[in-house]
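Encoded as structure tokens, the structure appears first; notes follow it.
Proteins come first, then strands; the chains are lettered A, B, ... in the order of their sequence lines, and each starts at number 1.
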Amino acid sequence: MDPKFLKPYNPAETEGRIYKMWEESGFFNPDNLLGERSEPFTIILPPPNVTGRLHMGHALMLALQDTFIRYKRMRGFKTLWLPGTDHAAIATQAVVEKQIKKEEDKSRHDLGREGFLKRVEAFAAESHDTIVGQIKAMGASLDWSREAFTLDEKRSLAVRTVFKQMYDAGLIYRANRIVNWDPKGQTTISDDEIVYEERPGTLYTFRYTKDFPIPIATTRPETKVGDVAVAVHPDDARYKEFIGKEYDAVFCDAPIHIKVVADKEIDPTFGTGAVGVTPAHSFTDWEIAERHDLPKDKLVINEFAKMMVPGRLNGKKATEAREMVVEWLKNEGLFEKEEVATHNIATAERTGGVIEPLPKLQWWVDVDKEVPDRGKTLKELMLEPVRDGKIKIIPDYFDKTYFHWIENLRDWCISRQIWYGHRIPVWYKGEEIAVGEAPEGDGWVQDEDTLDTWFSSGLWTFSTLGWPEQTADLKLFHPTDVLETGHDILFFWVARMILMTEFALGTIPFKTVYLHGLVRDAKGQKMSKSLGNALDPLEIAGKYGADAARMALVVGNTPGTDMRISEDKVRGYKHFANKLWNIARFVLANAGGARVEISGPEWKEFEALAKDVTKDLEEYRPYLAAEKLYHYVWHRFADQIIEESKPVLKSPDAATRQALLRALLEGSLKLLHPFMPFITEEIWQSMGHEQLLMVSEWPARIKQ
RNA sequence: GCACCCUUAGCUCAGUUGGUAGAGCAGCGCAUUUACACUGCGAAGGUCGGGGGUUCGAGCCCCUCAGGGUGCACCA
């Protein structure tokens with residue numbers, strides 16, 4: 001017996017060596033796997049953002065996916081787990097901008113587009129290397145020969161190709177429309193990138209002039225200089241007589257022209273039952289303006305959230321202007337009352353900036369237009385595979401959330417005013433426009449904007465497999481089997497992948513969506529650097545072993561439910577790893593060499609466990625499978641079977657018992673391998689096996 | 001406002017198709033020439049949020065109430 005078994009299990013000494021052994025075997029690559037393996041099993045890794053380091057959520061994702069992949073590999077599937085990273089456009093740009101500001105007190109504009117992009121790329125490359133090292137440390141059996149990046153040459157081609165196809169199909173269009181403008185990030189963002197924060201606010205009631213017949217209630221008095229109408233409910237008896245009338249006024253130095261319109265969307269019971277309509281700075285007002293053919297180009301706030309209007313307000317910050325308007329109203333005797341009202345403020349997810357709705361010329365994806373040759377809209381194409389069960393979401397109650405989101409979906413704004421990302425593949429020359437690839441000849445100017453990062457992420461399952469080229473990989477491995485990701489990006493990503501794949505390939509991107517919960521600290525707080533409660537997966541794995549970290553993340557972690565993780569839990573599974581180590585020590589010392597037919601109740605019991613665990617894995621209950629294995633190995637195999645074996649090993653039945661113990665250990669190693677790959681492989685190798693445990697045969701066969 | 005989830009041991013959470021509840025940590029008693037002290041054995045601890053119903057049988061299914069959370073919408 002190897003003397004290392006006389007000491008406690010030492011993951012630090014083991015893991016690097018084992019991972020290297022796996023990598024050198026070539027078996028991470030499905031092309032090298034031995035045997036028939038006609039059936040593929042594919043997971044494309046959700047690409048971590050190249051914004052720095054991995055966190056516990058990534059570790060969880062890696063643990064779960066590696067468990068699924070290792071299980072299927074042992075069951076004889078041609079398994080592909082494809083790695084990659086995400087350029088994460090706005091997120092990465094924001095990190096580098098902050099860094100440059102802090103270190104050199106410069107903005108991206110000081111560096112220029114080209115110079116700035118070089119800096120971002122250098123940062124991204126560094127992050128990439130850190131991340132790959134972290135992924136390997138977790139034991140992830142990814143096929144590194146197929147690694148992809150959302151912004152590399154092949155993925156860029158895929159992006160340009162889809163863009164052109166959607167443009168030609170009339171699904172991508174350019175339009176001037178009210179958008180979510182982030183004054184802090186100086187870019188538009190999509191509806192999904194908004195976080196609503198409940199804040200106390202004030203609802204002011206006032207009149208435009210002394211003789212204006214209708215009082216107005218608003219939380220944003222400063223925008224009232226941009227009003228073009230007052231909307232009331234058509235049946236509101238108080239205001240019926242004024243509908244259709246027009247008024248001129250000077251509001252805080254600015255001339256305004258107000259038309260009274262009737263709109264059934266107005267709630268007569270809220271405020272005064274009359275809305276001052278500001279089409280350029282409010283989504284609902286924009287829609288009212290469209291319905292009543294009101295002017296929509298009256299801009300009074302600019303991209304920096306500053307007023308642009310004749311008179312005293314000009315150049316003031318919107319928040320400052322608000323106070324000035326209120327003061328003016330009071331001085332003029334137009335102010336009626338103010339009430340406290342909590343309301344939701346739209347903020348940008350990445351920068352925290354308060355969203356300022358503004359009309360902007362942007363690129364959009366039309367989700368309500370019929371897709372040529374499909375006879376369905378993109379919305380319907382997103383809805384159908386989930387509704388028909390072609391795509392199964394785990395846990396299934398997320399179906400409802402998904403449907404609800406799609407029903408409320410508006411056109412997707414895909415252009416961003418940032419530099420890092422896929423530049424919009426559109427070129428202009430006077431009135432001419434070219435889409436897809438850069439046209440020949442002089443005088444063409446490319447669109448300045450870049451694409452929403454989720455546009456390229458949406459192609460991930462097939463761009464990684466070589467599309468638009470019809471590669472052998474694409475044919476064999478797509479649609480993929482499982483998408484395993486956090487429930488927080490169900491809309492951002494999962495929905496967009498379904499949209500893109502249905503459009504470009506006419507098929508689904510994956511059959512199963514497994515949504516894990518978010519990892520929180522022991523107190524239930526979200527882990528973050530600023531709170532100082534973030535556990536570094538690498539540090540945890542270094543201290544307790546990657547296997548222990550993985551078990552702690554997997555056991556009891558049900559899909560869709562946020563989980564808490566603490567070092568104590570990881571320590572518990574380190575003890576378990578050591579228990580397994582000592583079981584191996586006992587078996588190696590007491591059960592060498594015997595070759596006897598295995599049977600008896602203990603073996604039957606093991607076979608039943610193997611079947612049970614297999615069923616759990618097939619039905620995506622890794623949290624249960626891991627717990628059952630833990631219980632069996634410690635409290636049945638070690639506590640009972642080994643204890644009972646001690647006298648038997650001194651009896652005439654020793655040979656049979658030795659064979660049983662050996663078989664139970666080997667079987668347990670196999671079942672545990674997907675969860676704790678390092679220690680199981682290490683023990684397996686110490687038992688004198690020539691082949692890797694990673695590609696050994698799974699000890700149970702049940703139908704899927 | 002609409003929808004969904006959660007409420008189980010002191011704490012944090014599991015509990016697959018309904019068959020009198022389990023992990024981690026904490027904590028109690030015993031054991032140190034034991035495969036393993038990174039330990040073992042044993043005990044204790046739960047009217048499974050309250051109430052009602054279905055069932056031979058409910059932590060699990062249905063209704064209802066209370067508390068906590070999330071998503072979406074509204075937000076003049």
Checking [X] side chain against [Y] main chain: does a donor-acceptor pair fall under 3.5 Å?
{"X": "A:Lys569", "Y": "A:Val555", "result": "yes"}
{"X": "A:Arg657", "Y": "A:Asp653", "result": "no"}
{"X": "A:Thr278", "Y": "A:His281", "result": "no"}
{"X": "A:His257", "Y": "A:Val228", "result": "no"}
{"X": "A:Lys511", "Y": "A:Leu483", "result": "no"}
{"X": "A:Trp581", "Y": "A:Lys7", "result": "yes"}

Task: Along RNA chain B (nearest heavy atom to each residue), the more 5'-positioned of A:Asp562 and A:Lys646 - done: A:Asp562
- [ ] For A:Gly572 and for A:Lys224, find the nucleotide of RNA chain B with the closest heavy atom, then tell me which residue's nucleotide is more 5'.
- [x] A:Gly572
With a 4.0 Å cutoff (strictly under), does any side-chain N or O of [X] reach OP1 or OP2 of [N]?
{"X": "A:Arg621", "N": "B:rU16", "answer": "no"}
{"X": "A:Lys569", "N": "B:rU12", "answer": "no"}
{"X": "A:Lys579", "N": "B:rG40", "answer": "yes"}
{"X": "A:His631", "N": "B:rA23", "answer": "yes"}

Please report the distance, rounded to the nearest Å, between [atom1] in [X] and [atom2] in [N].
{"X": "A:Lys574", "N": "B:rA23", "atom1": "NZ", "atom2": "P", "value": "23 Å"}
{"X": "A:Glu567", "N": "B:rU12", "atom1": "CD", "atom2": "P", "value": "19 Å"}
{"X": "A:Phe637", "N": "B:rA35", "atom1": "CZ", "atom2": "P", "value": "14 Å"}
{"X": "A:Leu580", "N": "B:rU39", "atom1": "CG", "atom2": "P", "value": "14 Å"}

[atom1] spacing across the pair [N] / [M], given as an integer number of angstrom:
{"N": "B:rU33", "M": "B:rA26", "atom1": "P", "answer": "26 Å"}
{"N": "B:rA3", "M": "B:rU20", "atom1": "C1'", "answer": "35 Å"}
{"N": "B:rG69", "M": "B:rC63", "atom1": "C1'", "answer": "23 Å"}

Candidates [options] - which lies nearest the side chain of [X]:
{"X": "A:Leu624", "options": "B:rC38, B:rG15, B:rC75", "answer": "B:rG15"}
{"X": "A:Glu627", "options": "B:rA14, B:rU39, B:rA73", "answer": "B:rA14"}
{"X": "A:Thr284", "options": "B:rC75, B:rA35, B:rC72", "answer": "B:rC75"}
{"X": "A:Asn578", "options": "B:rA14, B:rC38, B:rA35", "answer": "B:rC38"}
{"X": "A:His575", "options": "B:rU34, B:rC25, B:rA23", "answer": "B:rC25"}

- [ ] Determine which bases of RNA chain B form Watson-Crick or G-U wobble pairs with both distances under 3.5 Å, and write the result as a 5' to 3' dot-bracket string with | for other-strand partners.
- [x] (((((((..((((.....[..))))..((((.......))))......(((((..]....))))))))))))....
- [ ] Mind checking the CG-CZ spacing from A:Leu490 to A:Phe492? Nearest 0.5 Å is all I need.
- [x] 11.0 Å
TODO: Kindly compute the distance separating CG (A:Asp2) from CG (A:Leu588), expressed to the nearest 0.5 Å.
DONE: 9.0 Å
Open item on the list: I'd like to know if A:Lys379 pairs up with A:Glu407 as an ion pair, taking the criterion as any Lys NZ or Arg NE/NH1/NH2 lying under 4.0 Å from an Asp or Glu carboxylate oxygen.
Closed with: no
Return the polar atom pairs (N/O with N/O) between nucleotides 4-7 of chain B and the protein under 3.5 Å, or none.
none

Task: Name of the residue among A:Tyr544, A:Tyr630, A:Tyr9, A:Trp634 meeting ring pair (Phe, Tyr, Trp, His ring centres under 6.0 Å) with A:Tyr573 - done: A:Tyr630
